[in-house]
Structures are given as structure tokens and as C-alpha cells.
Colleague: 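Below are the C-alpha cells for one structure; questions will follow.
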Amino acid sequence: MRYHAPSKQFTVSLDQLQSCTANLLFAIKKIRESAGLPLDGTGRQGAIMSDACHAEQAILNACQSMGIDLGATRAGDLDVRNAG
């Protein structure tokens, strides 16, 4: 990330965004693996969210707030089999 003084804005390169996205998808993959949840994006089963689901949802929400679209807005909906 770089601060551009004339425009008073931060700029982020495409490489930085792609690296960030890859790391976040890998984090979701590891959260699911540690909780024994499926990696294929078949969605959550049941109405109760586990701690792993809440952690994944927090990552998705953080991405959304920064304008990064990982391809899902709900925990369990991403296919992360190939992440990392």
C-alpha cells in the first residue's frame, strides 16, 4: 500500500491485492480443515454457526469492507480446495 499525497489517498497494487486475496483464501481453508468442515463450498449445514464459521464470516466481512470480493458473502460458500 502506498500513500499518494497529492490526492490524499492510499493506492494498492494489483499484485498486493492478489497476494492478500490468496492469503485470505488460504486462511479460510485452514480454518475449515481444523474444524473438519468441507472445503468445496457446499455451504453450512444447519442453522448454528460454529466458531470456525464465525471466523470465516469475519474474514468475508473484512474483505467486503475493503472492497475485495472473494466470490461469496456467507461462510461455507467458497470452494477453497485449491487455496494455498
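It should be emphasised that the depicted structure is a prediction, and the values quoted were computed from it without experimental measurement.
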Colleague: Would you check if I28 and L60 make a side-chain contact, meaning some heavy-atom pair closer than 4.5 Å?
Modeller: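 A side-chain contact under 4.5 Å exists here.
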Colleague: Determine whether N61 and Q64 make a side-chain contact, defined as any pair of heavy atoms from C-beta on separated by less than 4.5 Å.
Modeller: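 Yes, close enough: below the 4.5 Å cut-off.
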Colleague: Mind checking side chain to side chain donor-acceptor pair (under 3.5 Å) for T11 and listing every partner two or more places apart, or none if nothing turns up?
Modeller: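 Checked T11 against side chain to side chain donor-acceptor pair (under 3.5 Å); zero matches.
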Colleague: Kindly compute the distance separating CG (L25) from NZ (K30), expressed to the nearest 0.5 Å.
Modeller: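 Spacing of CG (L25) from NZ (K30) equals 13.5 Å.
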Colleague: Is any side-chain heavy atom of I48 closer than 4.5 Å to one of C53?
Modeller: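 They are not in contact (no side-chain heavy atoms under 4.5 Å apart), so the answer is no.
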Colleague: Determine whether D40 and V80 make a side-chain contact, defined as any pair of heavy atoms from C-beta on separated by less than 4.5 Å.
Modeller: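 With C-beta onward as the side chain, the pair stays apart.
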Colleague: By the salt bridge (charged side-chain N to carboxylate O under 4.0 Å, His left out) test, which pairs, at least two apart or in different chains, include something from residues 51-64?
Modeller: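 Only R32-E56 qualify under salt bridge (charged side-chain N to carboxylate O under 4.0 Å, His left out).
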Colleague: How long is the straight-line distance from CG of N23 back to CD1 of I59, given to the nearest 0.5 Å?
Modeller: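 Going from CD1 on I59 over to CG on N23, the span is 10.5 Å.
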Colleague: So Q9 and Y3, do their side chains get closer than 4.5 Å, heavy atoms only?
Modeller: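 No, side chains not in contact.
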Colleague: Checking side-chain hydrogen bond (donor to acceptor under 3.5 Å, both in side chains) for the pair S13/Q16: CA distance, chi angles, key distance, verdict?
Modeller: CA-CA 5 Å; S13 72; Q16 289 172 316; 3.3 Å; yes
Colleague: Less than 4.5 Å apart, side chain to side chain, heavy atoms only: is that true for C63 and D69?
Modeller: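 Contact flag for C63/D69 side chains = no.
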Colleague: Is the backbone N or O of G76 less than 3.5 Å from a side-chain atom of Q57, with the two atoms forming a donor-acceptor pair by type?
Modeller: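 No; zero donor-acceptor contacts below 3.5 Å.
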Colleague: What pairs with S65 under side chain to side chain donor-acceptor pair (under 3.5 Å), at least two apart in sequence or on another chain?
Modeller: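 Testing S65 for side chain to side chain donor-acceptor pair (under 3.5 Å), a comparison that skips the adjacent residues, returns none.
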Colleague: If I take atom CG from residue N82 and atom CZ from residue F26, how far apart are they, to the nearest 0.5 angstrom?
Modeller: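 Rounded to the nearest 0.5 Å, the CG-CZ separation comes out at 13.0 Å.
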Colleague: So, do D79 and T42 sit near enough that their side-chain heavy atoms are less than 4.5 Å apart?
Modeller: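 Side-chain contact under 4.5 Å: no.
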Colleague: Run the side chain to side chain contact (heavy atoms under 4.5 Å, CB included) test on T21 and Q18 for me, step by step, so that the C-alpha distance in whole Å, both residues' side-chain angles and the decisive distance to 0.1 Å come before the verdict.
Modeller: CA-CA 5 Å; T21 298; Q18 289 175 327; 5.6 Å; no
Colleague: Nearest heavy-atom pair of A55 and I31: which atoms, and what distance?
Modeller: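 Answer, listing the atom of A55 first, then I31: CB-CD1, 3.8 Å.
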Colleague: In the single-linkage hydrophobic clustering (I, L, V, M, F, W, Y; side-chain heavy atoms under 4.5 Å), do L70 and L14 co-cluster?
Modeller: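 Different clusters: L70 never reaches L14 through Ile, Leu, Val, Met, Phe, Trp or Tyr contacts under 4.5 Å.
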Colleague: Do V12 and I68 share a hydrophobic cluster, counting only Ile, Leu, Val, Met, Phe, Trp and Tyr and linking them when any side-chain heavy atoms are less than 4.5 Å apart?
Modeller: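 Yes; tracing contacts between hydrophobic side chains, which count when under 4.5 Å, links both residues.
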Colleague: Spell out, as yes or no, whether a donor-acceptor pair under 3.5 Å connects the side chain of K29 to the backbone of L39.
Modeller: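 No.
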